[in-house]
Amino acid sequence: MNVIITEDYDTLSEQSADIITNHVTGLEAPVLGLATGSTPLGTYNRLAARQAIAPIDYRHVSTINLDEYVGLGKAHPQSYHAFMKEKLFDHIEIPEANTHIPDGLAENRQAECERYEQLIDSIGPPDLQVLGIGHNGHIGFNEPGTSFQSETHVVNLAPSTREANARFFSSSEEVPCQAITMGIKSIMKSRKIVLLASGQSKAKAIERLFQEEPNEAFPASVLNQHPNVTLIVDQEAYQLVEQ
Ligand code: PGA
């Protein structure tokens, strides 16, 4: 694993935006795997701001998002569809048909998971997958105990994950109980992975990432088996790693 330690969240976001920009400008038909949440937000803000100053072409880019809440449609303000549109897609003029996110309203969820995995295999795998990490080591919505062989599937969200995400909803009861997420095997198909971690609250998870052998009780540990992972981490999140 390559490790880039940055002074703060701003520098982390700058560096990950640079890596994405290099893929967008350097590849003929780049496929970007994208994540939602607080951590990649600074990255997306930078990509959006750069478009206003020195725009780059995104028409040849395809995106595949990690996950979506079950029960939330595109128009729901807390859906990941809405997040991606508001934070990134509306600012970079990427054709909507090129952007892919699981359908949280699909009546047949199993069929939706199968469709999504086939999509990953047909247009992907991502050249670059952006990932955050949960306090419990989850990646995407793959909670502890998820098989490393998992493909896109429906998950029951861990209480700690629902609690962590309650800040985006008006009450914790409103946080959906399930999500559709790319599986760990799906994520590991990516050619390159950029894992982002910022702030003291992620320090324990980053410590475990370095301490633990790959094991399903700590999903992010699987990344130690991937040949091309770059961790961009700020000093606060890196503080417990022995140097
Ligand atoms: P966060 O979420 O970026 O909002 O901290 C990360 C995650 O849960 O994967």
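Any value given below was found using the heavy atoms of this structure, including those in side chains, with hydrogens, waters and symmetry copies removed. Note that the numbering runs from 1 along the sequence shown for the chain. Start at 1 and go down the list; that is how both ligands and their atoms are numbered.
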Evaluate the salt bridge (charged side-chain N to carboxylate O under 4.0 Å, His left out) criterion for residues Lys74 and Asp103: first the C-alpha distance (whole Å), next the side-chain angles of each, then the deciding distance (0.1 Å), finally the verdict.
-> CA-CA 8 Å; Lys74 287 182 188 184; Asp103 179 3; over 6 Å; no
What do you reckon, are the aromatic ring centroids of Tyr69 and Phe141 less than 6.0 Å apart?
->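 Distance test on ring centres: under 6.0 Å, yes.
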To which residues is Ile53 joined in a hydrophobic cluster, defined by side-chain heavy-atom contacts under 4.5 Å among Ile, Leu, Val, Met, Phe, Trp and Tyr, whether direct or through other members?
->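 Direct or chained contacts put Ile53 with none.
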What do the steps show when you test Thr146 against Glu216 for side-chain contact (heavy atoms from CB on, under 4.5 Å), and what is the final call?
-> CA-CA 6 Å; Thr146 306; Glu216 291 176 354; over 6 Å; no
Report whether Ile206 and Val222 are members of the same hydrophobic cluster (ILVMFWY, side-chain heavy atoms less than 4.5 Å apart, transitive linking).
->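 Yes, Ile206 connects to Val222 through the hydrophobic network.
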Collect the protein residues that have a non-hydrogen atom under 4.0 Å from ligand 1 and hand them over in chain and number order.
->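 Residue list for ligand 1: Gly37, Ser38, Thr39, Gly132, Ile133, Gly134, His138, Arg167, Lys202.
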For Lys192, does the NZ atom have more than 12 heavy-atom neighbours from other residues, nucleotides or ligands under 6.0 Å away?
->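 Yes.
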